[in-house]
Trainee: 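Sharing a structure here in C-alpha cells format.
Numbers here simply count residues along the sequence, with the first being 1.
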Amino acid sequence: SHAVFQIILRKPGKYRKTLHGKLSLIDLAGSERGADTANTDRKTRIEGAQINKSLLALKECIRALSMKGSHTPFRASKLTQVLKDSFTGASRAVMIATISPADNNAEHTCNTLRYADRVKSL
C-alpha cells in the first residue's frame with residue numbers, strides 16, 4: 001500500500017487560518033502484476049488491484065498535466081486527491097525513483113523510469 005506523510009503549515013488569521021506551506025512525502029507502492037501475485041490469497045490480490053488502480057489514476061493525471069489538458073482527473077482516486085496540491089499552482093514536485101539493475105526487474109525499472117520522466121516534465 002501507499003504511505004503518505006504531510007506537514008501543513010497554517011498562519012492564523014482573523015477569520016480563518018491561511019495555508020503557508022505544505023510538505024508531502026509519499027511512498028508509492030510498486031505496481032502489482034498478476035503473475036507476481038498468483039500464489040497469494042484473495043485479500044493480497046485485491047490490495048494489488050487497488051494499488052494498480054491508484055497508480056493508473058496518478059498516471060492519467062500526470063499525462064493530462066503534461067499535455068496541458070483542460071481536465072485533469074484528480075477525483076479518480078484518494079491518492080490523486082491528496083497529490084492535487086503538489087501538481088497545481090506554485091508548487092514543486094520531486095520524484096525519487098528506486099530502480100534495480102537486475103535482469104528480472106528490467107520491466108519494472110523501465111516503467112519506473114518512464115513514470116519519473118513524465119513527472120520531470122511537469
Trainee: F5: which residues meet the side chain to side chain contact (heavy atoms under 4.5 Å, CB included) condition with it, sequence neighbours left out?
Mentor: I7, L25
Trainee: Which residues pass the side chain to side chain donor-acceptor pair (under 3.5 Å) test with E60, not counting sequence neighbours?
Mentor: R63
Trainee: Which pairs count as salt bridge (Lys or Arg N to Asp or Glu O under 4.0 Å) when at least one residue sits in residues 110-122, sequence neighbours excluded?
Mentor: D117-K120
Trainee: Throw together a table of side-chain donor-acceptor distances under 3.5 angstrom for residues 88-99, partners on residues two or more places apart or in other chains.
Mentor:
unit_1, atom_1, unit_2, atom_2, d
T88, OG1, K84, O, 3.0
S91, OG, D85, O, 3.2
S91, OG, S86, O, 2.9
S91, OG, T88, O, 2.9

Trainee: Could you measure the distance from the CD atom of Q81 to the OG atom of S54? Nearest 0.5 Å is fine.
Mentor: 11.5 Å
Trainee: State yes or no: do F87 and V4 share one hydrophobic cluster built from I, L, V, M, F, W and Y residues joined by side-chain heavy-atom distances below 4.5 Å, directly or via other members?
Mentor: yes
Trainee: Give the minimum heavy-atom separation between L28 and H2, together with the two atoms involved.
Mentor: CA-ND1, 3.5 Å
Trainee: Sequence neighbours left out, what passes side chain to side chain donor-acceptor pair (under 3.5 Å) with S77? Give chain and number order.
Mentor: T80
Trainee: Who are the side chain to side chain donor-acceptor pair (under 3.5 Å) partners of Q6, not counting sequence neighbours?
Mentor: S24
Trainee: For the atom pair OG1 (T112) and CD (E107), what is the distance rounded to the nearest 0.5 Å?
Mentor: 10.5 Å
Trainee: Checking one residue: L56. Which other hydrophobic residues are in its cluster under the side-chain 4.5 Å linking rule?
Mentor: none
Trainee: Using 0.5 Å steps for rounding, measure from the CG atom of L79 to the CG atom of L83.
Mentor: 4.5 Å
Trainee: With sequence neighbours left out, what residues match A102 under side chain to side chain contact (heavy atoms under 4.5 Å, CB included)?
Mentor: S100, N104, N105
